[in-house]
Every structure is written in C-alpha cells, then in structure tokens.
Amino acid sequence: MRHVVGLGEGRGGAGGGGASFSGFLSPAKVEHSTLGESPAMKRARVAATGPKAEFFDDAGLDDGDVALAGKVGSLNGELLAEFESLLAFYASKKTEPWRERQYRKIVAVLKNLPFRITCLEDLNRPQCAVLNGGHTRTRVEEFLRRGKIQLAQNLQNDPRTVAISMLMNFGVQGGKGKYGSYVGTSTAEKWYDSGITTLPQLQHRIESDPTFLTHNQRVMWDFRSDFSQRVPRREVELIADVIAGVFPSSSVVEVMGSYSRGAPDCGDIDLLVTCHGDVGRRCSEAVEALTKAQFITATLRDSHHAPGAHSGQWMGGCRLASLVPARPGFADYTLHRRLDIKVYPPKFRAFAQLYFGSGQEFNRAIRLFATRQGYTLSDQGLRRATRGKNEKGEYGTLWEGPLLEDPSGCNWTTEASIFEFLGLPFIPLEDRDNGIGVARLEAMARAQATKPAAEEDCFIVPTDPRSVVAAANLQRLAPLPSLAEGWRSNGIVALDCEFVGVGRNTSGIGGERNALARASVVSYSGDVLLDTFVKVEEPVTDFRIHVTGLTQANLDQGISFQEARDHVIRLLEGRVVVGHSLAHDFKVLNYHPPAVLLRDTSSCPHLRPGDKGKSLKALSEQHLGVKIQDGTHCSVEDARAALYLYRSVQDLWDPTPPVLGTSAKAEALDKHLTEAAENMAAPVATGHNEPLAQHFDRLAARSHHYAKDHYVRVSRTLRSLPYHLQSPKDLLRPELRCVGRGKAHADIVRMLHEGVNEVNKGA
DNA sequence: GCCT
DNA sequence: CAGTACG
DNA sequence: AGGCCGTTACTG
C-alpha cells in the first residue's frame, strides 16, 4: 500500500488511497493488488461484475425496462443508427462543433437507454431530455412515423463524411468513435481536399512521405492496431503497479477513468499520482525510469517541457512484455497500451479526482455551473472569476481571483468539499458518466437561475481602516443597513482616477502608456472614501499637468500602486461602481468587476448627450447645471459628478437591486465588515477643526442641493481630520482635495489668515 | 444542435 | 496562434 | 442573438 501521510482520507470517504499498489511486480503482489481497494473501488468492481449497470434513475422505469436492461443499446438500435450517421456527418465538419456535441449527447443517451422508444410521449421521460428539443423531437417523430430519418439516409453514405471519418480515425472502427489520432477535422479536410480519400491512399502517402505525419500522428498510426484493443481490468492493475513502483513510497497512485467506474475493460489507462515536491520533476523521473525499463515505448506528451507547471503529465504508449516474460498458459502482454500519467500535489488531489473520475460532459457541466456561480473550476482548484464582455466586445474571463481556500479548513481533501462549496449535492462516481449527473447539475442550475436575488446574496464591503478619512466616514456609515433597504445608497460608490504618461512613443514625445497617479473613490453621499496620490515606478514622461494638475511632488507623497489598487478594490468589491468611461480606470488598475455592477455615465441610456457631446464635463453641465473641470481635473470632483449624474437617473437606471454576489462570498465579507466596524469602535481624533467645521455647517444650513451636500461634506471632513489645519499648504493633502478649488477652498484660506469670525462677519 |  | 487531446 | 469547460495542456 502506498499512502501519503497527511493527505487525509482517500477517495470514497474512508481510508485507503483508492487503488494503491505494491510497487514491485511479482505474481504474489499482483494477486493481492485489490486488497487495498477503497469502498468506492469495491463498489465499482461489484458494479462491473453484476448485471449491466443501472444507467438511469429508476424514475419512469417499469419492470419491463428492468428486464431489458441487460441488452441496452439494441433497444433503440435503428434509431441509434440514424443518429449515428447524423453525428458522423456533423463530426466531419469543423464548422459544426456544437451540433456535433449535441448529436454526441443524443447518441450516448440512445446507447444506454433502458427502454425502447415507441411513442412520442416516451420523450417526456427525464432520461430523454436531450431528445426532446425542438429539432431532435421532430426527427424522432419522423422516425416513429416512417421508420427512418430522411436526412440521415441522405447523409449516411456521403462520401466526404465517410472519408473524413476514416482519416480522423486512421480507419480504426468502434470504441468511443474517437481514436485520438491527432488528426482533427482541419487536417482531415486538408488531406481530403488533397485527394486522399481511402485508407490505402492514406497508407501509401504516409509510407512514401516520412514528413507527412507529425510525431504524435505517427505514434498513433504505428500503434493503431494495438491501441484500438481494449485493456482488461487485470492488465490495468498490473500497469498501475509498475507505475507505483517508480514514484516515492509516500505517493498515492489511483486508477481513474472507466476503470474507476467499474468497466470490465478500458480503452486506455488513466493514472492519477499524488505526491509531494516538484510534481513535474517527479513525473519526469518516473518516465525516465520506465523508459529505461523499456516499459514506455512511445511518448505523446511530456510535461518536462513545461517546468514549474502545476501538474506533471505524461501521455504515451507502454507495454508490460519487457517486465512480464511470456509464460505458457498465461496471458502475454505484448500489446502496446495507451497510458496517461498525471501527477498532482496533494492540494489538487480532489480537483484532479473530480476531473479524471468524471465523464467529459459531467466535467463541462460542473464547470459551467461554477462559472454561473461566479467561480471557475479546473483540475487545479477553484477561484473567484467573473465573465463578461471586454472593451472589444469579446466574451470571456474578465477577472480571476487567487485560488480559494476550503471554507471548511480542510484544504479540499475530498471531492465532497468541492460539491459542498458550490452548493451542490454530492454526485456519486457512477452518475458522472451516464447523463444522470449532468441532468442533476442542469436542474440545480435552473433552480439557481430562477431564484430571485436574496438579501444574503448581497453584501457591502467596508472601507479600508488604514485611511484616516475613510475610517471617519465608515464610522458614520456603520452599522450599515441591510442591502434590501439600503443598497441604493450604501451599495454604491463612484470611482475616478488620474493618469500620467510613462514610456516613450515613437516620436519621442512621451506618454506612451497610462500610469495611475491619483485614485479617488466617493460614497453615495459624495464623501471621500479614498483619495490618494500614487507613486509611479517608471519615470513620468508626461504629467499632462494642464489636465491632471499633478506634479512630481504630488506623486512623491503618494502610496504605492499595489497599495492603492488594494484600497480601491476593497472599496469597490461587491458594490455598484459609478464612473465615466470606467474601462480606462479598470484597465490601468488591472481590475475588472462584473458588468452587472458597473454604471458608466458615458454610456447611459437615460443620460442623452446634448450638442456638446457626452464628456463628463458636458453631461454635468447639461444634466446637473454644474460646471466642472474648469482648469485642471480633480478626480474627486469627477467621481462626484458621475455620481450625481447617476443619482439623477437612478430610479430609471436601477429600479431593482442588482445581484451582487453569492452567499459564500457575502459571509466572508460580512465577517470582514464586522471586524472592521469593531476596529473602528475607538473614535478617531475629532474636533481639531471645530470652528472651521461650524462655518461650513452654517453655510450648509442656508444652501441647497449640491452646494449643501458639498458644505456638509467639507464640514464632516474637517471634523474627522486627525490633525489641526493650520496652513493653506495642508489643503494640498489628498484627504483635503475634496474641498475643491472653489468657495470652500477660498473660505478656508481666508479663515486661516483672518480668523473664522472675520470671514463670517463679511458673509 | 439546445437553452436563455 | 490554430489545432488537437484529456475527462 | 449568442453562449456552449478549462488562467487544462502540448505541438508545430
């Protein structure tokens, strides 16, 4: 038995490392090689030796069905043949991958359906879901009526289809219908168009032109006879035993694929090796030893070409003959077998098990489910991710977080933890390659999609406690109301950034790229949650001072880009973000929140641009009657302008709350919020600037609308400053940028010079 | 091809 | 980068 | 109308 200390429970939940082998090939050991099997293994083995596995739920089956279950496949033989020719046709066309996939699903279902389809109503049974779509249902109807599908009849002997299928499979028949020849539709079409249409022609071409095939194609061609033979379970175990012998004794070797699901024989051998250390190197070392022993006879893929990869993998051909001498009366092992070895560190074991233990469609379904939940799942972990359209309108992954920790603290030791995290019921191995698992995932996805956004699905992220101004503002905001009532104010922030140019363009003028120089985030009330200068690592080649108002001195007092980005993300995450042309800001920040959370005033259907265009300046003047960007820009002012524009059309734009996340994420953030609020409990220094603050209170009392907001804001900011404002120079500090350059600024300067009373007297 |  | 393979 | 698995991985 090979165990990995500290790896925890094996597959199936209790003890044992799955199929573990003794490591040295001897008849005695081999004889006992199944002693270490886990419950899951045993279940699989039993399933294989018993009657044909029950491929579908009992639901909808009667006794007749069960009686027929032994000769599944022939039950719908004629219909199956029709759809197989349709599949062959679409599989030979590289422009039809989706139809091909759909037909592949249909064929898979028909092969395993435990009852005969005799009437259209049969299609309503849950197992027949893929047959019950608009188009396929019509085809089945046609078949039931006329005993054939005309389109299939027309296509089944299509010479092009026949030839291309032959080329893609090197003439190999049977199996799953895909031989893995490394000849796909593109290559096959190319060959076909060059006049190769029959197997003899292909053979002649290959033999006469040594460069005709790529290396992998050559391997699959040379071994096509051997590789198309099934591997008995017994031989799979022997081979696994050999592999286990060339890995450190602390490794766990598991046989995956159809073997693990109990198949009596396999198309190839899939081995999952879990070991510590550099998995890539372990893999290479093992392969080297196996090659030396003449066990490995061909290589298709070898991860030693990719040092530092998360997994080590090798794919190729092997045979036991050199290790197991032929003996009369015993099976000889001269056939070459397709072998896949994948080596993972312990932390990925459960993800790898999920991947290699499930069928293709199940893997795609669960990954799709994860995507819809805001995650991305692979054989190498789970991470937060958002998908959507980028600036160019391409759909894809916009943002991915770091690997997620197992919330149970168990470090993803079991597949069950992955299901649990995704909010899925555990789907057992036997249902991961027969359509049941996929159907369950699809049902879960539908249930999820139709569920209205629950309050606990929404969350609010607190501001960063390290920022003095932010701290004061958070104190006023906390405790935050629940999003159900309060999202329209507390779930919304506005962002604006200022950039300077770095690098040189070809004309040597400078400013080839943007670098973040100032970042500002304001709350719904317009309070500054963050306003900071940012140090620019590279030499600044263009300050764009007429726009930004920034100088080297400003940047020098800033914080690092990383720090600024962290602040911004903490403020933005989980909130609706308002801004003008946010794409620029996010590009420079390298942060891409989900589109549902973005409100870009430059493309708002409710803010129609006037004669002067749709710049923030123009929109502000047109819709708010406020002049901004008079002279240099101020990112606080711009963020506020965008915010007020949003607020002016908020009822139209956002009549209902958006979905802001998932409950798992919400819980983590809620904890963060609570902790942050507790940390805030100690009051920050206040009262340093009370007389000045009162001046703005008075101004606020007799002002209206945005002016009132502005004075309230200045007053709050002054009260929450941890220092006494003494010199006009202090107004240059980032947290006081929110004062602006208007009357508030002038009043403060005057009060600092002449005293508060003098100024109020004049007013 | 199916589904939203 | 397109093509292909893996479950 | 447009997404349909994967920061999969390798080859040429």
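In what follows, chains are A, B, ... by sequence order, proteins preceding strands, each numbered from 1.
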- What's the OH-C1' distance between Tyr179(A) and dC6(C), to the nearest Å? 16 Å
- Assess whether one donor atom and one acceptor atom, taken from the side chain of Arg101(A) and the base of dG1(B), lie less than 3.5 Å apart. no
- Output yes when at least one side-chain N/O atom of Arg367(A) is less than 4.0 Å from OP1 or OP2 of dC5(D), else no. no
- Query: In residues 185-195 of chain A, what residues come within less than 4.0 Å of DNA chain C, judged by heavy atoms?
  - Reply: Thr185(A), Ser186(A), Thr187(A)
- Message: So, OP1 or OP2 of dC6(C): does either fall under 4.0 Å of a side-chain N or O from Arg338(A)?
- Response: yes
- Query: What is the distance from NZ of Lys93(A) to C1' of dG3(C), rounded to the nearest Å?
  - Reply: 19 Å
- Item | Carboxylate-amine/guanidinium contact Glu442(A) Arg446(A), below 4.0 Å | no
- Item | Value in whole Å for how far the P atom of dA2(C) lies from CG of Asn216(A) | 20 Å
- Message: Under a 3.5 Å distance rule, please check whether Arg440(A) uses its side chain to pair with a backbone N or O of Ile427(A) as donor and acceptor.
- Response: no
- Tyr90(A) near the nucleic acid: base, sugar-phosphate alone, or nothing, with a heavy-atom cut-off under 4.0 Å? sugar-phosphate
- Task: Just compare dG1(B), dA9(D), dT11(D) and give me whichever is closest to any side-chain atom of His310(A).
- Result: dA9(D)
- Look at the side chain of Thr371(A) and decide which nucleotide, out of dC5(D), dG12(D), dG7(C), has an atom nearest to it. dC5(D)
- Message: I'd like to know if Arg301(A) reaches the base of dC10(D) with its side chain, counting only an N/O donor and acceptor under 3.5 Å.
- Response: no
- Note on the structure: Sequence neighbours excluded, the answer for side-chain hydrogen bond (donor to acceptor under 3.5 Å, both in side chains) partners of Glu420(A) is none
- Rounded to the nearest angstrom, tell me the gap between atom CG in Asn434(A) and atom C1' in dG7(C). 15 Å
- Message: I'd like to check the side-chain contact (heavy atoms from CB on, under 4.5 Å) partners of Ala370(A); sequence neighbours left out, ordered by chain and number.
- Response: Tyr375(A), Leu377(A), Leu422(A)
- Using the C1' atom in both, what is the distance from dC5(D) to dA5(C), to the nearest Å? 14 Å
- Message: Can you see whether Asn132(A) engages Asn124(A) through a side-chain donor-acceptor pair at a distance of less than 3.5 angstrom?
- Response: yes
- Does Leu335(A) offer a backbone N or O that forms a donor-acceptor pair with the side chain of Asp226(A) under 3.5 Å? no
- Value in whole Å for how far the C1' atom of dA9(D) lies from OH of Tyr182(A): 10 Å
- Message: What's Asp268(A) touching, base or sugar-phosphate or nothing? Going by heavy atoms closer than 4.0 Å.
- Response: sugar-phosphate
- Select base, sugar-phosphate, or nothing to describe what Tyr355(A) touches, counting heavy atoms under 4.0 Å on all strands. base
- Task: Would you classify Arg104(A) as touching base, sugar-phosphate or nothing, given that sugar-phosphate means primed atoms plus P, OP1 and OP2, and contacts are heavy atoms under 4.0 Å?
- Result: nothing
- When rounded to whole Å, the CG to C1' distance for the pair Asp379(A) and dC10(D) reads 14 Å
- Please tell me which of Ser378(A) and Leu368(A) maps to the more 5' nucleotide of DNA chain D, matching each residue to the nucleotide holding its nearest heavy atom. Leu368(A)
- Query: Which whole-number value in Å describes the distance from Glu82(A) CD to dG1(B) P?
  - Reply: 14 Å
- Nearest-nucleotide check on DNA chain D, Thr214(A) vs Gln102(A); residue mapping nearer the 5' end is Gln102(A)
- Mind checking Leu377(A) for me? I need base, sugar-phosphate or nothing, with any heavy atom below 4.0 Å counting as a touch. sugar-phosphate
- Query: For Glu142(A) and Gln150(A), does a side-chain donor sit closer than 3.5 Å to a side-chain acceptor?
  - Reply: no
- Message: Applying a 4.0 Å non-hydrogen cut-off, can you work out what Arg139(A) is touching in the nucleic acid: base, sugar-phosphate, or nothing?
- Response: sugar-phosphate
- Pairs touching residues 177-187 of chain A that satisfy side chain to side chain donor-acceptor pair (under 3.5 Å), sequence neighbours left out: Lys94(A)-Ser186(A)
- Check the side chains of Tyr90(A) and Gln102(A) for a donor-acceptor pair under 3.5 angstrom, ignoring hydrogens and angles. no
- When you check the phosphate oxygens OP1 and OP2 of dG1(B), does a side-chain N or O of Tyr103(A) lie under 4.0 Å from one of them? yes
- Query: Among the nucleotides dG12(D), dA5(C), dC2(B), which one has an atom lying closest to any side-chain atom of Ser181(A)?
  - Reply: dA5(C)
- Item | Rounded interatomic separation in angstrom, taking CD from Gln313(A) and C1' from dG6(D) | 12 Å
- Message: Closer than 4.0 angstrom, basic N to acidic O: yes or no for Arg160(A) and Glu189(A)?
- Response: yes
- Without swapping roles, check the side chain of Asp406(A) against the backbone of Ser417(A) for a donor-acceptor pair under 3.5 Å. no
- Task: Using the aromatic ring of Phe356(A) (for Trp, its six-membered ring), decide whether it stacks on the base of dC6(C) within the limits of 5.5 Å and 30°.
- Result: no
- Query: Within less than 4.0 Å of OP1 or OP2 of dA9(D), is there a side-chain N or O belonging to Gln380(A)?
  - Reply: yes
- Item | Closest to side chain of Thr376(A), choosing from dG12(D), dG7(C), dG6(D) | dG6(D)
- Message: Just to verify, what does Arg301(A) make a salt bridge (charged side-chain N to carboxylate O under 4.0 Å, His left out) with, not counting sequence neighbours?
- Response: none
- Secondary structure string for DNA chain D (Watson-Crick or G-U under 3.5 angstrom, | for other-strand pairs): ||||||.|||||
- Message: What's Val183(A) touching, base or sugar-phosphate or nothing? Going by heavy atoms closer than 4.0 Å.
- Response: sugar-phosphate
- Sugar-phosphate, base or nothing in reach of Gly134(A), heavy atoms under 4.0 Å: sugar-phosphate
